[in-house]
Amino acid sequence: METVSSHTHESSSSKRKVIAVVGGGLVGSLNACFLAKRGFDVEVFESREDIRQAKVVRGRSINLALSHRGRQALKHVGMEDKIVSEAIPMHARMIHNMNGKRSPIPYGKKGQYILSVDRANLNKELLTAADAYPNTTLNFNHKLHDWSPKTGTMTFTGPDGQRKEIQADLVVGCDGAFSAVRKQFLRQSRFNYSQTYIPHGYMELTMPPKDGDFAMEPNYLHIWPRNTFMMIALPNLDRTFTCTLFMPFEDFEKIHSGEEVINFFQKYFPDSIPLIGVEALKQDFFRLPAQAMVSVKCSPYHLFDKCVLMGDAAHAVVPFYGQGMNAGFEDCLVIDEIMDQLNENIAAVLEEYSRVRVPDDHAIADLAMYNYVEMRAHVNSRYFLFRKYMDNILHFIMPKTIIPLYTMVTFTRTRYHEAVNRWHWQDKVITQGLWLCGVVSAAGGTYVLVRHSHKLPSISVEHLWTRILALKHF
Ligand code: FAD
Ligand code: EGU
């Protein structure tokens with residue numbers, strides 16, 4: 001068995017705990033910063049090469065929406081300002097209807113906005129930040145194959161293709177939706193696991209600048225809601241937009257030629273054709289096949305005091321709430337808070353982390369899936385506008401009572417499962433309010449009729465009111 005670097009050797013003799021972070025993606029690299037800041041010896045193992053040196057970075061999506069939860073986590077390791085300065089604020093959604101009409105709907109009050117961040121750039125910044133801690137080592141081209149829950153020994157394929165065994169006190173699985181670390185959990189009794197592929201795939205298309213500037217209004221999240229088809233576009237610093245088309249695989253498979261692509265876009269997203277460009281569209285569409293989306297839920301997140309899962313490895317969610325990365329970043333913040341509470345007693349911390357975090361991650365996984373089902377069922381541009389206007393108006397009238405769900409999810413650190421509970425409660429309040437309005441107007445109408453008929457004895461307004469209130473109990 002070998003140790004990765006000399007400082008690991010020295011520190012294990014000085015009894016500093018060695019933590020192996022498997023996966024140097026968004027969550028792994030941020031988590032390395034959190035753990036290094038605490039003074040642990042951190043070893044990051046990433047299967048890909050160092051993306052800071054790579055010429056072409058192949059990731060899953062080009063840009064992402066960063067919101068409050070993610071920002072709070074970045075702030076904790078001193079990275080918030082840097083990342084925000086390299087991001088583009090989106091103050092509202094811009095809804096595109098079939099005729100090319102655009103309608104903005106603000107995300108919240110002035111100053112409430114989400115950010116469009118470049119995934120590759122964010123990952124590079126976080127790797128550089130992790131690298132700057134003297135007690136952190138980044139190991140690229142290290143692919144985990146398996147590990148032993150008994151001993152904490154991990155087996156990797158190293159840079160030269162040779163097998164390598166490496167030992168750590170704690171293994172932190174940040175290796176994404178298809179986690180290799182998680183494989184050992186599946187062999188344990190009382191481990192819950194489910195994964196669901198949705199029938200939709202996604203494809204990314206680039207919208208180039210027009211006359212050197214953004215082809216559409218830059219500070220918006222552009223949305224083309226078309227029931228089963230949907231397109232979203234987020235701005236990039238280079239004045240391009242990355243458009244993401246969501247569509248059932250079945251429908252992707254029906255499109256074979258450039259001409260069919262244009263026909264399809266002509267039918268559903270006509271205003272985007274001149275902006276992306278006919279030739280670019282014909283080519284871009286066939287560059288990569290449509291990508292699958294999976295939802296993964298499991299529990300618990302820890303195995304003894306040896307291992308813990310975080311980010312997509314613990315909870316991959318479908319991207320219909322813009323929360324996957326934000327939730328993963330919040331995972332890092334939550335376990336850090338627990339580390340403080342429990343004095344870094346690893347066994348106790350991991351148990352508490354599973355106890356606290358599982359209900360919240362499951363809640364956001366459910367919400368994202370719920371939104372996927374709702375969007376594909378009946379969300380066209382008019383319905384989308386109507387629903388979001390209603391949310392905003394009710395919030396404006398009763399700011400303390402009615403808070404839109406996306407506001408709690410996007411702009412607060414309200415625990416996800418509490419946001420869901422509150423949402424159900426608000427729904428009841430709204431439904432009862434609507435019923436009451438209906439009953440009051442029906443009764444009022446009846447009262448007026450009765451008064452004008454002069455045939456029946458008239459009832460006092462007070463009397464009518466108590467009757468209406470009594471109705472509520474049915
Ligand atoms: P990953 O980013 O998958 O990183 C895992 C890392 O582990 C990778 O670097 C991989 O190379 C490495 N690895 C894998 N296996 C091994 C192994 N065996 N050994 C060593 N290393 C390994 N989230 C948002 O918050 N906002 C959004 O707007 C948003 N939009 C999205 C749009 C789309 C289309 C998709 C698909 C997702 C979106 N997400 C969004 C979700 C977000 O991409 C993920 O939640 C996030 O990337 C999770 O980070 P992670 O570090 O846990 O996993
Ligand atoms: C999907 C893909 C609009 C980036 C959910 C809203 C998303 C993002 C919404 C992608 C939608 C959907 C919300 C944010 C965000 C909305 C949100 C979805 C970013 C409920 C890069 N979603 N996304 N909800 O409210 O809370 O604007 O690929 F179309 S950001 Cl599906 Cl806030």
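Both ligands and their constituent atoms are indexed starting at 1 by order of listing.
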Query raised in the report: Mind checking what makes side-chain hydrogen bond (donor to acceptor under 3.5 Å, both in side chains) contact with H145, not counting sequence neighbours?
Result: T157
Requested in this report: Could you establish whether I114 and ligand 2 come within less than 4.0 Å of each other, counting only heavy atoms on the residue side?
Outcome: yes
Requested in this report: Please indicate whether any nitrogen or oxygen in R93 is less than 3.5 Å from any nitrogen or oxygen in ligand 2.
Outcome: yes
Requested in this report: Tell me whether the guanidinium CZ or amine NZ of R69 lies under 6.0 angstrom from the six-membered ring centre of Y321 and within 45° of its axis.
Outcome: no
Query - M230 to ligand 2, any heavy atom closer than 4.0 Å - result: yes
Query raised in the report: With a cut-off of 4.0 Å, which atoms of ligand 1 are near a heavy atom of A180?
Result: 18 (N)
Requested in this report: Nearest 0.5 Å please: distance from the CZ atom of R182 over to the CG atom of L309.
Outcome: 7.0 Å
Report task. Find the distance between CG (L26) and CG (L127) and round it off to the nearest 0.5 Å. Result -> 9.0 Å
Report task. Answer with side chain, backbone, both or neither: which part of C174 has a heavy atom less than 4.0 angstrom from an atom of ligand 1? Result -> backbone
**Report entry** Heavy-atom pair with the smallest gap, counting every atom of V22 and M154
**Finding:** CG2-SD, 4.2 Å
Requested in this report: Establish, yes or no, whether a centroid distance under 6.0 Å links the rings of F156 and F45.
Outcome: yes
Query - L221 neighbourhood, listing ligand 2 atoms whose heavy-atom distance to it stays under 4.0 Å - result: 19 (C), 30 (S)
**Report entry** Ion pair R357/D331, N-O distance below 4.0 Å
**Finding:** yes
Query raised in the report: Hey, does D312 come in under 3.5 Å of ligand 1, counting only N/O atoms on both sides?
Result: yes
Report task. May I ask you to check whether A177 has an N/O atom sitting below 3.5 Å from an N/O atom of ligand 1? Result -> no
Query raised in the report: Would you say I223 touches ligand 2, if touching means a heavy atom closer than 4.0 Å?
Result: yes
Query raised in the report: Quick one: do E418 and R422 make a salt bridge, cutoff under 4.0 Å?
Result: no
**Report entry** Atoms in ligand 2 with a heavy atom of G322 nearer than 4.0 Å
**Finding:** 15 (C), 18 (C), 19 (C), 22 (N), 23 (N)
Report summary line: ligand 1 to G176, heavy atom cutoff 4.0 Å, flagged ligand atoms 3 (O), 5 (C), 53 (O)
Report summary line: The residue among Y202, W224, F246, F264 that forms ring-ring contact (aromatic ring centres under 6.0 Å, His included) with F229 is F264
Query - Heteroatom distance test (N326, ligand 1): nitrogen or oxygen, under 3.5 angstrom - result: yes
Query raised in the report: What part of F178 sits under 4.0 Å from ligand 1 if we count only heavy atoms: the side chain, the backbone, both or neither?
Result: neither
Report task. Give the atoms of ligand 1, by number and element, whose distance to some non-hydrogen atom of H142 is under 4.0 Å. Result -> 19 (N), 20 (C)
**Report entry** Pair H302 + Y353: ring centers closer than 6.0 Å
**Finding:** no
Report task. State whether the shortest distance between N or O atoms of P319 and N or O atoms of ligand 1 falls below 3.5 angstrom. Result -> no
Query raised in the report: So which of M325, E49, R48, R119 gets nearest to atom 43 (O) of ligand 1, if we judge by its closest heavy atom?
Result: R119
Requested in this report: Could you verify whether a donor N or O on one side chain and an acceptor N or O on the other, from Q323 and S67, lie under 3.5 Å apart?
Outcome: yes
Report summary line: In ligand 1, the atoms that come under 4.0 Å of a heavy atom of G324 are 23 (N), 24 (C), 25 (O), 41 (C), 45 (O)
Query raised in the report: If we only count N/O pairs under 3.5 Å, is Y107 in contact with ligand 2?
Result: yes
Query raised in the report: L144 to ligand 1: N or O pair under 3.5 Å?
Result: yes
**Report entry** Counterpart residues, side-chain hydrogen bond (donor to acceptor under 3.5 Å, both in side chains), relative to Q72 (two or more places apart)
**Finding:** none
Query - Carboxylate-amine/guanidinium proximity below 4.0 Å for R52 and E46 - result: no
Report task. Of the side chain and backbone of A65, name the one, both, or neither that has a heavy atom under 4.0 Å from an atom of ligand 1. Result -> both
**Report entry** Sub-4.0 Å heavy-atom approach of F246 to ligand 2
**Finding:** yes
Query raised in the report: Of the backbone atoms (N, CA, C, O) and the side-chain heavy atoms from C-beta on, which set of Q323 has a member under 4.0 Å from an atom of ligand 1: side chain, backbone, both, or neither?
Result: backbone
Query raised in the report: Which distance, rounded to the nearest 0.5 Å, do you find between the CZ of F329 and the CE of M79?
Result: 9.5 Å
Query raised in the report: When rounded to the nearest 0.5 angstrom, what is the spacing between CD1 in I88 and CZ in F241?
Result: 7.5 Å
Query raised in the report: When rounded to the nearest 0.5 angstrom, what distance separates NZ in K306 from CG in D169?
Result: 7.0 Å
**Report entry** Within-cut-off N or O pair, S47 and ligand 1, under 3.5 Å
**Finding:** yes
Query raised in the report: For ligand 1, which atoms, with element, lie under 4.0 Å from some heavy atom of Y202?
Result: 34 (C), 36 (C)
Query raised in the report: Purely on distance, is any nitrogen or oxygen of N63 under 3.5 Å from one on ligand 1?
Result: no
Report summary line: Within the 4.0 Å heavy-atom cut-off, what N371 brings close to ligand 2 is side chain
Report summary line: Under 4.0 Å from one or more heavy atoms of A65, ligand 2 contributes atoms 19 (C)
